[in-house]
Protein chains: 2
Amino acid sequence: MARPKAAATPNRRLQILTQAASLFRSNGFNATTMRQLAEQLGIEAASLYNHISSKEELLREICFNVANEFNTQLATVQLQELSPLQKLEAILRFHIGMLLSRPDDVYVSNRDWKHLKEPWLTNFLTQRRQYEHQLADIIQQGIDRGQLRPLQPPVAVLGLLSAVRSIEYWQRSKRPIGGTQAVDDLITLLLKGVSN
Amino acid sequence: MARPKAAATPNRRLQILTQAASLFRSNGFNATTMRQLAEQLGIEAASLYNHISSKEELLREICFNVANEFNTQLATVQLQELSPLQKLEAILRFHIGMLLSRPDDVYVSNRDWKHLKEPWLTNFLTQRRQYEHQLADIIQQGIDRGQLRPLQPPVAVLGLLSAVRSIEYWQRSKRPIGGTQAVDDLITLLLKGVSN
DNA sequence: CCTACCGATCGGTAGG
DNA sequence: CCTACCGATCGGTAGG
């Protein structure tokens with residue numbers, strides 16, 4: 001009676017999602033096949049569809065999970081009484097923390113969102129635009145108070161967020177970059193870059 | 001006798017390459033089909049193979065063309081008598097110039113190199129590692145001379161190069177970012193970030 | 001440069 | 001969760 005593998009663990013769906021993020025990250029969304037994903041989990045491709053409804057649904061869940069986390073943190077920061085520079089630091093550190101703790105999810109959501117279908121594609125992009133707009137506002141406030149350099153806020157926002165993503169490559173070398181010092185160095189580079 | 005379309009222009013291959021870069025950029029390498037590419041050029045998919053030997057060959061040519069340009073410029077800068085900071089500025093400005101003048105090629109070579117086949121994949125990655133190593137050396141020299149902040153050079157290299165790529169998103173908003181001022185703002189952000 | 005076509009592979013379904 | 005399978009589509013070739 002006992003089924004040797006594929007126990008009906010309730011978080012089977014979570015396992016699928018985790019493996020999908022890992023494969024999407026290494027091979028890209030399109031280059032990842034449902035057969036590869038199934039093989040990683042020790043089941044047949046057809047069996048995946050008892051837990052999910054489509055390949056795109058996996059991508060959708062990854063992207064919106066990540067987006068929700070970033071939105072929630074930003075909302076929290078906005079409620080705190082911090083200077084623009086302090087808010088910026090808290091946000092950048094959160095981005096770095098996400099990249100370090102959930103690299104697959106964040107990486108996939110940053111790169112493969114293009115393959116979302118409507119209406120989710122539009123929804124995702126709208127959320128991201130609003131997020132970046134809030135960051136630009138924080139920077140503008142810092143400039144107005146003389147705390148930050150008079151840079152065009154959209155240029156600074158994109159530059160900062162893009163630089164933070166360089167963490168993706170920290171694992172690449174023989175002796176991997178990392179540790180508290182590396183994080184602080186990156187933060188220093190960015191905050192000194194915008195500060196007056 | 002006159003063929004109405006598809007004149008035997010000698011740079012037909014160049015047209016294919018240009019269109020391929022454009023499609024690869026918008027849709028990704030895997031999601032771009034040879035039928036799409038052919039349609040853009042007004043010919044049948046099979047006809048492409050009179051000018052190229054495979055889809056991957058297109059990617060290969062894009063990636064190595066870009067790599068060659070960056071390597072050549074770096075070699076030139078290294079021969080000039082400039083301070084580390086001046087070298088850095090020249091290099092970053094060249095990156096920005098490439099992103100602005102040939103966005104499709106640079107974008108594709110930055111993202112889709114994963115789909116290169118061996119031995120080109122290894123060759124490409126080796127070239128890139130050597131390029132980044134040279135940048136790290138320049139930064140280390142700047143630190144030794146007290147001109148730059150004591151940041152871990154690999155962290156700074158990846159952060160700077162990644163930030164420069166944010167230019168890819170400058171076209172995205174309603175009133176696109178751009179112009180000399182935007183470039184100078186980005187340069188300021190980065191150079192002030194690393195300078196002592 | 002085209003017509004005709006192929007083997008491979010894909011995401012997904014039927015039915016148990 | 002599996003076997004069996006399908007329609008669609010892909011990169012590429014044969015032969016002109």
Side-chain angles (χ1 to χ4, degrees), chain A residues 1-21 23-24 26-63 108 112 114-118 120-121, chain B residues 1-21 23-24 26-63 108 112 114-118 120-121:
Chain A
M1 253 80 162
R3 294 276 199 88
K5 57 183 174 180
T9 150
N11 30 3
R12 188 87 223 198
R13 190 187 161 91
L14 184 60
Q15 294 175 22
I16 295 175
L17 222 49
T18 304
Q19 267 302 325
L23 288 171
F24 290 168
S26 344
N27 308 328
F29 177 74
N30 269 312
T32 300
T33 72
M34 297 306 271
R35 284 159 178 81
Q36 284 173 343
L37 177 56
E39 192 182 12
Q40 289 290 319
L41 296 158
I43 61 178
E44 293 300 316
S47 305
L48 290 168
Y49 293 89
N50 285 296
H51 303 94
I52 59 158
S53 69
S54 73
K55 185 185 180 186
E56 192 242 356
E57 190 194 56
L58 291 169
L59 178 64
R60 202 188 309 150
E61 205 148 316
I62 292 166
C63 290
V108 168
D112 285 332
K114 292 187 189 191
H115 301 106
L116 289 170
K117 290 179 185 169
E118 295 293 1
W120 298 281
L121 178 59
Chain B
M1 253 76 162
R3 295 277 197 89
K5 56 183 173 180
T9 150
N11 30 4
R12 188 88 224 199
R13 191 187 161 89
L14 185 59
Q15 293 174 21
I16 295 175
L17 223 49
T18 304
Q19 266 303 323
L23 288 171
F24 290 167
S26 345
N27 309 327
F29 178 73
N30 269 312
T32 300
T33 72
M34 298 306 271
R35 284 159 178 82
Q36 285 174 343
L37 177 56
E39 192 182 13
Q40 289 289 318
L41 296 158
I43 62 178
E44 294 299 316
S47 304
L48 290 169
Y49 292 88
N50 284 296
H51 302 95
I52 60 159
S53 70
S54 73
K55 185 184 179 186
E56 193 242 357
E57 189 193 57
L58 291 170
L59 178 64
R60 202 188 310 150
E61 205 149 317
I62 292 167
C63 289
V108 167
D112 286 332
K114 292 187 189 192
H115 301 105
L116 288 170
K117 291 179 183 168
E118 295 294 0
W120 297 281
L121 178 59

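Note that the coordinates shown come from a computational prediction; the quantities given were computed from them, not determined experimentally. In what follows, every chain begins at residue 1, and chains take the letters A, B, ... in the order their sequences are listed.
To the nearest angstrom, P of D/dT13 lies 16 Å from NE2 of B/His51. B/Met34 has its CE atom 15 Å from the C1' atom of D/dT9, to the nearest Å.
Using a 4.0 Å cut-off, some side-chain N or O of A/Arg12 falls inside it from OP1 or OP2 of D/dC1.
Considering only side-chain atoms of B/Arg35, the nucleotide from C/dC5, C/dC1, C/dT3 that sits closest is C/dC5. Side-chain proximity of B/Ile43 to the nucleotides D/dC2, C/dC2, C/dG12 is greatest for C/dC2. Listed nucleotides D/dC2, C/dC10, D/dG11 differ in distance to B/Thr33; the shortest reach to its side chain belongs to D/dG11. Picking from C/dC2, D/dT13, D/dA4 the nucleotide with the shortest atom distance to the side chain of A/Ala46 gives D/dA4. Checking D/dG11, D/dC2, C/dC2 against the side-chain heavy atoms of B/Tyr49 singles out D/dG11 as nearest.
The two atoms that bring B/Ile16 and B/Leu48 nearest to each other are CD1-CD2, 4.0 Å, heavy atoms only.
For the atom pair NE2 of B/His115 and CG of B/Asn30, the computed distance is 4.0 Å after rounding to the nearest 0.5 Å. Note that CG of A/Leu14 and NE2 of A/His51 are 12.0 Å apart. Values are rounded to the nearest 0.5 Å.
Scanning residues 52-60 of chain B for heavy-atom distances under 4.0 Å to DNA chain D yields B/Ser54, B/Lys55.
Counting heavy atoms of neighbouring residues, nucleotides and ligands inside a 6.0 Å radius, atom CD of A/Gln36 exceeds 12 of them.
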Exercise for review: Show the numbers, then the answer: is there a side chain to side chain donor-acceptor pair (under 3.5 Å) between B/Glu57 and B/Ser53?
Suggested key: CA-CA 7 Å; B/Glu57 189 193 57; B/Ser53 70; 3.3 Å; yes

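Counting only Watson-Crick or G-U wobble pairs whose defining distances are both under 3.5 Å, the stems of 3 or more consecutive pairs in DNA chain C are C:1-16 with D:1-16.
Taking the charged nitrogens against the carboxylate oxygens, B/Glu56 and B/Arg60 do have a contact shorter than 4.0 Å, which makes a salt bridge.
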